[in-house]
Amino acid sequence: MDYLIGTDIGTSGTKTVLMDLRGNLIAQELVTYDLLTPRPLWAEQWPEVWLSAAKRSIRRTVERAGVPANRVRGLCISGLYGGSGVPLDREMRPVRPCIIWMDRRAEEESRWVREHIPEKRLRRITHNGTDPYYGYLKQLWIKRHEPENWEKIKLFLPPNAYVIYCLTGEVAIDYSSAGNLGGVFDMERRAWSEEMLEALGIPRSMMPERLVASSEVVGPLRAEAARELGLPAGMPVCAGGVDCGVAAFGLGVFEPGEYVAAVGTSMCAALIHDRPIPAEGLIEWPYVLDPLRLSYSFGGGATAGAVVKWFRDTFAAEEREAECAGGESAYAALDRAASEIPPGSGGLVVLPYFMGERSPLWDTDAKGVIFGLSLSHTRAHIYRAFLEAVAYSLRHTVEAAGECAGDYILLAGGVSRSPLWRQIFADVTGYPVVCPLCDVEANLGDVMLAGLGTGCLTLEELRGWRTRAEPVRPNPEASAVYDRYYRIYRALYGDLKGEMRELSRLQN
C-alpha cells in the first residue's frame with residue numbers, strides 16, 4: 001500500500017495527516033503555538049515557529065503511522081494566508097516576523113493607495129481592493145515604517161512556500177497565495193502585474209519568479225530534511241495553497257457553483273466560479289484546482305473561531321483545567337451548557353468584530369460588542385451568543401453574495417466538531433449545512449493535491465472519495481427567531497459605527 005502526507009500550517013497550530021490512496025486516515029499529529037500581538041490590531045509570527053511545527057508534526061505522524069517510509073509517495077503543504085509573506089534576505093533568512101492576514105496596521109497605506117491609484121484600474125487588474133487585510137499593503141507598511149528592514153528584503157514567500165523552500169531548496173509560489181496578496185497580481189493574466197508593482201513602488205524582484213499550480217511538485221525532499229522527517233530523500237513535495245481553498249478542495253469541490261464556508265480562526269465564505277460574479281466587496285484569487293480557469297471569491301469575518309477561543313481562554317479556566325487533566329474538551333462542556341439556552345440567548349446580540357472586520361464591512365475601526373446584558377444572564381447565555389454571532393456574520397456574507405450561494409452551504413473547519421454550532425449555522429442562515437465526515441479537510445485537500453501532483457491519483461478517483469456527512473437542516477421555528485435577532489445584529493453596527501471610530505482615535 002502507498003501513502004500520502006498532507007500538512008496544513010494554521011494560525012494557531014500545524015497539523016499533519018498520513019492517508020492511504022483510498023482516503024483512509026492512518027495517523028495525524030497537531031502542534032500548537034501562539035500568535036505575536038505586540039500592539040492592538042497587530043498579528044505576526046516568526047516563520048521558524050511554522051517550520052519547527054511542520055517538521056515536528058510530520059515526523060510524529062510518520063512515527064505514529066508505522067508504515068514503511070519508502071511507501072510514502074508525496075507531501076503537500078498548505079498554509080494560512082501569510083499577509084505580507086515571510087520577508088527574506090539574500091541568504092534566505094527571515095528579516096522580521098511575517099505580518100499575517102489578521103493584522104490591521106496598514107490603514108494609512110490603504111488610504112495612500114486610494115488617493116494615488118485609480119480604484120477602477122486596481123480592481124480591473126487585480127479583482128481586489130484596498131483594505132489592510134491585503135498582503136501588498138502590509139508590504140508597503142514595512143517599506144514605510146521599517147526602511148532598514150525593507151533594504152534587507154530580497155523576497156517575500158507565503159508560509160507554506162517558505163517551509164517548502166526549507167525542505168527542498170526550491171522557491172515557488174502557488175497561484176492562490178499569489179492572488180491573495182491583492183494589488184500586485186493580475187487576475188486576468190494570472191501573473192504579476194508590472195503596472196501595479198511599479199505604481200506601488202514594490203520591486204518585481206521581491207515576488208517569486210516561479211508561479212505553480214497547487215498540485216505541482218515544487219521539488220524533491222533534501223537529504224537533510226528527509227532525515228529529520230523520517231522520510232525518503234527525493235520524495236516529491238507539492239506546492240499546496242491557501243488553507244481555506246485547500247479545505248474546499250478537500251470537501252470535494254471540483255467544479256464551479258458551490259458555496260463553501262471555512263470557519264477556523266477566521267471565516268472564509270466562498271463561491272468557486274469560472275466567470276465574473278456580480279457580488280462586490282469580495283476577495284478573489286485563483287482556486288487551488290485548475291487555477292488558470294477557476295476562481296475562489298470570498299468574504300467573511302476577520303474573527304470566527306478566534307472569538308470563541310478568546311471566550312474559552314478568558315472565561316472557562318475550570319473547563320480547560322479539566323480538559324488538561326484528561327476530561328472532555330472545554331468547548332464540549334461550554335456547548336453542553338449553551339444547548340440548554342433557547343435561540344437568541346435570552347436577548348443577547350454579539351458583534352464579533354474583535355479585530356476590525358473584513359468583507360463585507362471593510363472597517364478596521366469595527367469593535368466587538370455584547371449587547372443586551374442583564375443580571376439574569378449567565379456565562380452559558382453569553383457563550384451561545386458568541387456562537388450565534390459568527391453565524392450572523394456568515395449570513396451577512398451569504399447575503400452579500402446575492403443569489404450566488406446555491407441551495408446549501410458546505411461548512412468546513414473546527415465548527416464541524418460541534419453539533420450545537422452546526423445547527424445554529426443552519427438555523428441562522430436558513431440553508432442546509434453540509435460538513436465533512438472527518439475533521440481533516442485542509443489536510444485532506446493536501447493529500448488529494450499530493451495525489452494529483454505525484455500521479456498516484458486521478459481526479460476521477462478522487463471524485464469517488466466520500467468526504468461529506470449528511471446535511472444539517474434548519475429548524476423553521478428557530479430560523480424565525482433568528483430572523484428577528486439578525487435584523488438587530490445588522491442595525492447595531494450602523495448605530496455604533498461613529499462611536500467605534502471615536503474609540504479607535506482614543507486608543508491611538
Side-chain angles (χ1 to χ4, degrees), residues 4-10 14-17 19 50 54 73-82 85 135 157-165 167-168 170-181 185 187 190-192 207-220 235-256 258 260 262 268 270 272-274 283-298 412 440-459 461-463 465 467:
L4 296 163
I5 293 177
T7 296
D8 180 53
I9 303 166
T14 291
K15 185 175 181 178
T16 293
V17 304
M19 306 181 83
W50 296 325
R73 296 306 191 190
L75 162 69
C76 183
I77 303 177
S78 60
L80 71 157
Y81 172 36
L157 282 181
N160 63 314
Y162 169 74
V163 172
I164 291 171
Y165 163 75
L167 298 181
T168 67
E170 298 292 333
V171 174
I173 185 171
D174 69 276
Y175 283 101
S176 70
S177 297
N180 209 7
L181 283 171
F185 188 79
M187 280 293 295
R190 295 306 208 248
W192 300 117
M207 300 296 111
E209 187 68 32
R210 184 180 171 195
L211 286 157
V212 297
S214 292
S215 59
E216 187 170 328
V217 174
V218 175
M235 187 191 72
V237 181
C238 299
V242 180
D243 53 5
C244 53
V246 176
F249 186 59
L251 269 170
V253 179
F254 303 144
E255 302 293 342
E258 293 201 275
V260 187
C268 299
I272 288 71
H273 57 99
D274 59 358
I283 301 158
E284 182 179 344
W285 36 262
Y287 188 45
V288 298
L289 177 68
D290 199 359
L292 301 184
R293 179 177 71 94
L294 298 179
S295 291
Y296 179 100
S297 291
F298 76 98
V440 292
E441 54 268 8
N443 297 98
L444 176 57
D446 285 317
V447 166
M448 294 161 75
L449 289 167
L452 291 178
T454 59
C456 293
L457 294 166
T458 66
L459 195 58
E461 288 174 315
L462 292 176
R463 290 182 192 277
W465 287 20
T467 60

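Here the structure is a predicted model, which means the values were calculated and not measured.
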(message) Regarding S78 and D243, do their side chains bring together a donor and an acceptor under 3.5 Å, going by distance alone?
(response) no

(request) Can you measure from CG (N180) to SG (C244) and round to the nearest 0.5 angstrom? (result) 7.0 Å

(request) Find out whether S214 and L449 are in side-chain contact, i.e. whether some heavy atom of one side chain is under 4.5 Å from a heavy atom of the other. (result) yes

(message) If you define the side chain from C-beta out and look only at heavy atoms, does anything of P208 sit under 4.5 Å from W192?
(response) yes

(request) List the atom of A450, the atom of L75, and the distance in Å for their closest heavy-atom pair. (result) CB-C, 4.2 Å

(request) Quick one: sort the Y296 and Y287 rings into parallel, tilted or perpendicular, breaks at 30° and 60°. (result) parallel

(request) Could you grab the distance from atom CD1 of I164 to atom CG of L157, nearest 0.5 Å is fine? (result) 9.5 Å

(message) Please check this pair: side chain of N443 against backbone of G6, looking for a donor-acceptor N/O pair closer than 3.5 Å.
(response) yes

(request) With sequence neighbours left out, write down each residue that passes salt bridge (Lys or Arg N to Asp or Glu O under 4.0 Å) with E461, or none if nothing qualifies. (result) none

(request) For M187 and S295, work out which heavy atoms get closest and say how close. (result) CE-OG, 3.6 Å

(message) Minimum heavy-atom separation for S297 and H273, please, with both atom names.
(response) OG-NE2, 2.6 Å

(message) Can you tell me how far apart CD (E258) and CG (L251) are? Round to the nearest 0.5 Å.
(response) 9.0 Å

(request) With rounding to the nearest 0.5 Å, note down the distance linking CZ in F185 to CZ in R190. (result) 6.5 Å

(request) For N160 and I9, indicate whether the former's side chain and the latter's backbone hold a donor-acceptor pair under 3.5 Å. (result) no

(request) Flag the pair L444 / V17 as yes when at least one side-chain heavy-atom distance between them is below 4.5 Å, and no otherwise. (result) no

(request) Determine whether L167 and I77 make a side-chain contact, defined as any pair of heavy atoms from C-beta on separated by less than 4.5 Å. (result) yes

(request) Give, for atom SG of C268 and atom CD1 of I283, the distance between the pair rounded to the nearest 0.5 Å. (result) 7.0 Å

(request) Heavy atoms only: give me the nearest T14-A54 pair and the separation to one decimal. (result) CG2-CA, 3.8 Å

(request) With sequence neighbours excluded, tell me which residues meet side chain to side chain contact (heavy atoms under 4.5 Å, CB included) with E255. (result) R293, R463

(message) Determine whether a donor-acceptor pair (N or O, by modelled atom type, separation under 3.5 Å) exists between the side chain of S176 and the backbone of V242.
(response) yes

(message) Please give me the minimum heavy-atom distance between L211 and A178, naming the atom from each residue.
(response) CD2-CB, 3.6 Å

(message) Once rounded to the nearest 0.5 Å, what's the spacing between atom CD1 of I173 and atom CE of M207?
(response) 7.5 Å

(request) State, with a plain yes or no, whether a side-chain heavy atom of L4 is found less than 4.5 Å away from one of M19. (result) no

(request) Write down the atom of A412, the atom of E441, and the distance for their closest heavy-atom approach. (result) C-OE2, 3.4 Å

(message) Does any part of the side chain of L462, heavy atoms only, come nearer than 4.5 Å to the side chain of L452, both counted from C-beta?
(response) yes

(request) For E216, enumerate each residue passing the salt bridge (Lys or Arg N to Asp or Glu O under 4.0 Å) test, keeping only those at least two apart in sequence or located in another chain. (result) R210

